[in-house]
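The next block holds one structure in the form of structure tokens; read it before the comments.
Throughout, a chain's letter reflects where its sequence line sits, starting with A, and its residues are numbered from 1.
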Protein chains: 4
Amino acid sequence: MFQIDPKQPMPLYEQIIQQVKEMYAKGLLKPNEKLPSVRELASHMVINPNTVSKAYQELERQGIIATIRGRGTFIVKQDIKPAPPTDITRLKDTLKQVVINCYYAGYFKNDLIEWLEDIYTEMEEKADED
Amino acid sequence: MFQIDPKQPMPLYEQIIQQVKEMYAKGLLKPNEKLPSVRELASHMVINPNTVSKAYQELERQGIIATIRGRGTFIVKQDIKPAPPTDITRLKDTLKQVVINCYYAGYFKNDLIEWLEDIYTEMEEKADED
Amino acid sequence: MFQIDPKQPMPLYEQIIQQVKEMYAKGLLKPNEKLPSVRELASHMVINPNTVSKAYQELERQGIIATIRGRGTFIVKQDIKPAPPTDITRLKDTLKQVVINCYYAGYFKNDLIEWLEDIYTEMEEKADED
Amino acid sequence: MFQIDPKQPMPLYEQIIQQVKEMYAKGLLKPNEKLPSVRELASHMVINPNTVSKAYQELERQGIIATIRGRGTFIVKQDIKPAPPTDITRLKDTLKQVVINCYYAGYFKNDLIEWLEDIYTEMEEKADED
DNA sequence: GTGGTCTAGACCACA
DNA sequence: GTGGTCTAGACCACT
């Protein structure tokens, strides 16, 4: 279900967060769907339960999921709210960094737009499969 | 000249690296141009010389700059070499994360393409000013 | 385990790098084996942790070891990839310098070949002990 | 005549030393032959005279050259004296490092022996040309 | 516990 | 003047 790699620079708990968000964006996780429990996921991924717990807490803080005591953790229906300008600036900055590093790798505007198309196509395909 | 912000999550030395790469990509730094000395830049930025030194060493490792002993550090002419596939995968992954986080912020394909256009326009403008 | 000598002209951190590479080449360090922690090695060698850290970071950059966050650093399985021509030229140059300095010390081709034999014999012996 | 590269890690003055020693070993410089003056060589190489001076001083210390006041600097006839054991250990260590770094570059005993043959062949050829 | 970052300040080699 | 190395000691993020 989830794929994480401890050797990657991104923290494990953040890899989990990204995966959940990605799966929701792709439609692989629907609102009200139940997520695996912390212990279940941790043992399945062979990582520390605290790490999974931290990911879930952060996801809950972001309003992506909600835990109901004694029942489990569930995906929450997202109402897209306009993000604070700080976040948008951060996103643009990250994008700019990608652009610059692509420059040094020999990839330019058209390549990046193509990559974007690919990513969105992949997301929609997954969504249609359901 | 350089602008860094200690409050940002990105390490100071990496902010410097990004700035140098950005300035070169924009044409604000030309090959063979001398960079400020480690001490100079450090005192100007009010940070520790070691931090600047670390940034310069990493830039040298990436082949962006070269140090000539006792003389200083200089921008190196870039021959754009095809990046290893690992790096390209990393770049694509970073882009995918931006896409997903944009999804939650209510920005989609067209917005991102527009942002890309803006970034490239900004880069070319700077390059033309010389 | 490791032996370093602060009196030698080679920087401490590079001595560590060489030792790790030597031990791996000799088979004394196996893939996936854990290296001592930065603090552990530093206190054992009576040097500053930063120095060990620098050595480990450079080894990671060279793909010899990998760090897993919060877990430690581990030897990585080496896939011997053809080195860039620049590196080979550097190796040949270093070898040439050895030859020249041997000339002045009164040692010539046969002596050097004998030394090479000795070095390779030593490496294989260690490898067989496992 | 001499070729030096300020971007290489070896100090300029040591590059000069190595070149002189190499040329003597190859027979391109004969005993009693006059070397260019410090200022001459410095202006020809576009480097600081102090750097050339330092190289010459070190060469003189090693007994490779001798300066006669008012006359110039001359190559000294080498009587090969047995090197102190410390130096031999250092040479062997350097050789071992080359071996280890060759290991990671995918070159092994036979390759190194071949390289050695090449270097000695090159030296003898030059010597015969005179 | 692990490694990563940063500071302050020292000393050295090189040009 | 330049950058490189090393120390001592602090703080942080991650597991």
Side-chain angles (χ1 to χ4, degrees), chain A residues 4 6 8-16 42 45-55 58, chain B residues 4 6 8-16 34-43 45-58 60 65-74, chain C residues 4 6 8-16 34-42 45-60 65-74, chain D residues 4 6 8-16 42 45-55 58:
Chain A
I4 58 169
Q8 286 213 310
M10 197 191 300
L12 289 183
Y13 81 94
E14 193 154 348
Q15 290 186 41
I16 299 173
M45 288 177 162
V46 199
I47 60 175
N48 196 313
N50 290 332
T51 307
V52 179
S53 180
K54 184 166 185 181
E58 175 63 18
Chain B
I4 57 169
Q8 286 212 312
M10 196 191 304
L12 294 181
Y13 79 93
E14 193 151 349
Q15 292 186 41
I16 299 173
K34 189 177 182 302
L35 287 173
S37 82
V38 168
R39 291 164 170 80
E40 201 179 337
L41 191 52
S43 77
M45 287 178 161
V46 199
I47 61 175
N48 191 294
N50 286 334
T51 307
V52 179
S53 184
K54 186 169 184 181
Y56 278 15
Q57 283 179 36
E58 175 62 21
E60 183 165 19
I65 66 176
T67 72
I68 301 184
R69 289 243 279 292
R71 303 272 310 277
T73 55
F74 301 83
Chain C
I4 57 169
Q8 285 211 312
M10 198 192 301
L12 294 181
Y13 79 93
E14 193 153 348
Q15 291 186 42
I16 298 172
K34 190 176 182 303
L35 287 172
S37 83
V38 168
R39 292 165 170 81
E40 201 179 338
L41 190 53
M45 287 178 162
V46 198
I47 61 175
N48 192 292
N50 285 333
T51 307
V52 178
S53 184
K54 187 170 183 180
Y56 278 15
Q57 283 180 36
E58 175 62 22
L59 281 165
E60 182 164 20
I65 67 176
T67 72
I68 300 184
R69 288 245 279 294
R71 303 272 311 277
T73 53
F74 301 83
Chain D
I4 58 170
Q8 286 213 309
M10 196 190 302
L12 289 183
Y13 81 94
E14 194 154 348
Q15 289 187 41
I16 299 173
M45 288 178 161
V46 199
I47 60 175
N48 195 312
N50 291 332
T51 307
V52 180
S53 181
K54 184 166 183 182
E58 175 62 18

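- The distance from atom CE of B:M10 to atom CD1 of B:I16, rounded to the nearest 0.5 Å, is 11.5 Å.
- Atom P of nucleotide E:dT2 and atom CD of C:E60 are separated by 17 Å, given to the nearest angstrom.
- Taken from NZ in C:K54 to NZ in B:K54, the straight-line distance is 9.5 Å, to the nearest 0.5 Å.
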- prompt: Could you write nucleotides 7-15 of chain E as a row of B, S and -, 5' to 3', where a protein heavy atom under 4.0 Å of any base atom gives B, of only sugar-phosphate atoms gives S, and otherwise -?
  reply: BBB----BS
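- Not a single donor-acceptor pair under 3.5 Å links the side chain of C:R69 to the backbone N or O of A:P6.
- Expressed to the nearest 0.5 Å, how far CG of C:L59 lies from OG1 of C:T67 amounts to 11.5 Å.
- For the pair C:S53 and E:dG3, the criterion of a side-chain N or O lying under 4.0 Å from OP1 or OP2 is not met.
- For B:T51, the side chain to side chain contact (heavy atoms under 4.5 Å, CB included) partners are B:L12, B:Y13, B:I47, B:N48, not counting sequence neighbours.
- Between the CD atom of C:E58 and the P atom of F:dG4 there is a distance of 13 Å, rounded to whole Å.
- Between B:T67 and F:dG3 there is no side-chain N or O to OP1 or OP2 distance below 4.0 Å.
- D:S53 is linked by a side-chain hydrogen bond (donor to acceptor under 3.5 Å, both in side chains) to D:Q57, counting only residues two or more places apart in sequence or in another chain.
- Not counting sequence neighbours, the partners of D:E58 by the salt bridge (charged side-chain N to carboxylate O under 4.0 Å, His left out) test are D:R61.
- Side-chain proximity of B:E40 to the nucleotides E:dG3, F:dG3, F:dT2 is greatest for F:dT2.
- Residues satisfying the side chain to side chain contact (heavy atoms under 4.5 Å, CB included) test with B:S37, not counting sequence neighbours, are B:R39, B:E40.
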field: Dot-bracket pairing map - DNA chain F, Watson-Crick plus G-U, both contacts under 3.5 Å, | cross-strand
entry: ||||||||||||||.
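- In terms of phosphate contacts, B:Q57 brings no side-chain nitrogen or oxygen within less than 4.0 Å of OP1 or OP2 of F:dG3.
- Rounding to whole angstrom units, CD of residue B:Q8 and P of E:dC6 are separated by 12 Å.
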